[in-house]
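Next up is a structure, given as structure tokens.
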Amino acid sequence: MSVKEEDIEKSDLTDEVVNLCKRRGFIFPSGEIYGGFRSTYDYGPLGVLMLQNVKTLWWKSMVQMRDDVVGIDCAILSAPKIWEASGHLRTFSDPLVDCKKCHERFRADQIGKACPNCGSEELTSPRDFNLMFKTYAGPVESDSTVAYLRPETAQGMFVNFLNVLNTSRKKLPFGIAQIGKSFRNEITPGNFVFRTREFEQMEMEYFVEPQTAGEYFNYWVEQRYNWYLDLGIGKEMLRIRAHEKKELSHYSDQTSDIEFKFPWGFGELEGIANRTDYDLKAHSNASGTDLRYFDPINNEKYFPYVIEPAAGATRTMMAFLIAAYCVDDVAGEKRTLLKLHPKLAPYKVAILPLSKKEPLTDLAKSVLNSLRPHYMCDYDDSQSIGKRYRRQDEIGTPICVTVDFDSLDDNMVTLRDRDTLSQIRIKIDSILDEVNKKLDF
Ligand code: ATP
């Protein structure tokens, strides 16, 4: 019987996932030996594999499987002119309040009337705090050398619109996709990697004829919602929330968020926005470069509208971890497992020889070598087999291959399924076929 998230104390679920992430090597607090550093995190051997899977799966569905989307990878350090034109220097801010008693700072829109730290009701009036990280390019610190770390990847797609259009020879509708780091000087980061100051985004700008924007907006909301479902997040854990007019960003005409039920409540995984022609127009005006699209059929020039699905890779990884976290009862013993979709799992297969000695290890290594060109595999010959199974369950490995002493005689191994615990004995010769079948990619 599996115990669902609802049954685990809600406040504990985040702690348990954070704990597992650290214990098993998914995510570590950054600079931990110096006491950590302001809500920054490092991705360990398993975290880097899983995050890579999240990004590759997004790229596959958004770029690889489509005729109408191409990729790009832009600089993180960027010119102030970009952010001036985009409106970020003026408006990309959150309302900041100080507690006059304990001097903690908060986002006014995230707290009630009192300070969450000391309870005092003596707060300053809210003032705009710009979230962009500012630095200097080169050895001189002056107004002319100011640079910004990008707070979103999207602007890279707008300022390269003509470069991509001319080189890819795409016609509307078409999109430009990018995955990469973004930086926001969040006033109150927290909830593990849900809100950090350095994070990864997966964004796509889909350029369309203005009159078709509504239709494509609905199309992308549906496409993106299905992506999360297909990767194993249950419908009951997801919802689509349309923004009210007053919530909309300065560039948006319509936005819907795809939200996930985190232990503390629903939170955004991705926003799908109709950015209209705001950005292309703004960059045309500011740069003097005409960024209009030439429509060869009607022989006219116009600014396309843009539908943007903007997701967070690191935040989404956390949602997948929370959705997959389970505690089972196996023969009276508690078993913790990550029921990750196999496509997301860091390791697809673990090879576990029953002994550390030859000739069993030789055979186990040959099994490993036949699988590792195709799948990320783990090889573990330490501790008891029970402990090794428990470790693989906890890191979400869908298949364990046990190589035992009989394997030396019958050339067969045992395949163990993470979720059902069923075990089947198969010929080593057919192992790749069997694993392919079980993973069903
Ligand atoms: P929020 O309302 O949570 O601050 P946002 O609406 O400002 O998010 P967007 O600008 O739409 O976020 O960015 C797209 C996605 O990038 C978000 O849905 C989220 O997944 C991710 N993201 C944004 N800010 C952060 C952050 N500080 N830490 C981690 N991920 C983030």
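Counting starts at 1 for both ligands and their atoms, following the listed order. Here the structure is a predicted model, which means the values were calculated and not measured.
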Task: Ring centres under 6.0 angstrom apart (Tyr148, His88) - done: no

Task: Distance from atom 2 (O) of ligand 1 to nearest protein heavy atom, with residue and atom - done: Glu268 OE1, 3.6 Å

TODO: Please determine if Glu186 has a nitrogen or oxygen closer than 3.5 Å to a nitrogen or oxygen of ligand 1.
DONE: yes

Open item on the list: Students should be able to answer this: which protein heavy-atom is nearest to atom 29 (C) of ligand 1, and at what distance?
Closed with: Phe194 O, 3.2 Å

TODO: With heavy atoms only and a cut-off of under 4.0 Å, state how Leu269 meets ligand 1: side chain, backbone, both or neither.
DONE: backbone

Task: Ring-ring centroid check Phe161 Phe207, cutoff 6.0 Å - done: yes

Open item on the list: A cation-pi test, strictly: NZ or CZ of Arg184 under 6.0 Å from the centre of the six-membered ring of Phe199 and no more than 45 degrees from its axis. Yes or no?
Closed with: no

TODO: Report the residues that fulfil side-chain hydrogen bond (donor to acceptor under 3.5 Å, both in side chains) with Arg66, sequence neighbours left out, ordered by chain and then residue number.
DONE: Asp68, Tyr219

Task: Minimum non-hydrogen distance to atom 9 (P) of ligand 1, winning option of Glu152, Arg184, Met318 - done: Arg184

Task: Residue part near ligand 1, for Pro189, under 4.0 Å between non-hydrogen atoms - done: neither

Task: N/O donor-acceptor pair under 3.5 Å between Ser86 side chain and Trp83 backbone - done: yes

Task: Side-chain H-bond candidate by donor/acceptor type, Thr314 with Glu200, under 3.5 Å - done: no

Open item on the list: Between Asp257 and Arg241, does any side-chain N to carboxylate O distance fall below 4.0 Å?
Closed with: yes

Open item on the list: For ligand 1, which is the ligand I care about here, please tell me if Arg195 has any N or O atom under 3.5 Å from one of the ligand's N or O atoms.
Closed with: yes

TODO: Please write down residue, atom name and distance for the protein heavy atom closest to atom 13 (O) of ligand 1.
DONE: Gln201 NE2, 3.2 Å

Task: For atom 28 (N) of ligand 1, closest protein heavy-atom neighbour - done: Thr196 N, 3.0 Å

Task: Protein contact to atom 21 (C) of ligand 1 [nearest heavy atom, distance to 0.1 Å] - done: Gly312 CA, 3.7 Å

Task: Heavy atom of the protein closest to atom 22 (N) of ligand 1 (residue, atom name, distance) - done: Phe199 CE1, 3.5 Å

TODO: Identify whether NZ of Lys or CZ of Arg in Arg224 sits under 6.0 Å from the centre of the six-membered ring of Trp220 and within 45° of that ring's axis.
DONE: no

- [ ] Heavy-atom contacts with Ala310 under 4.0 Å: which atoms of ligand 1 show up? List them by number with element.
- [x] 14 (C), 15 (C), 18 (O)

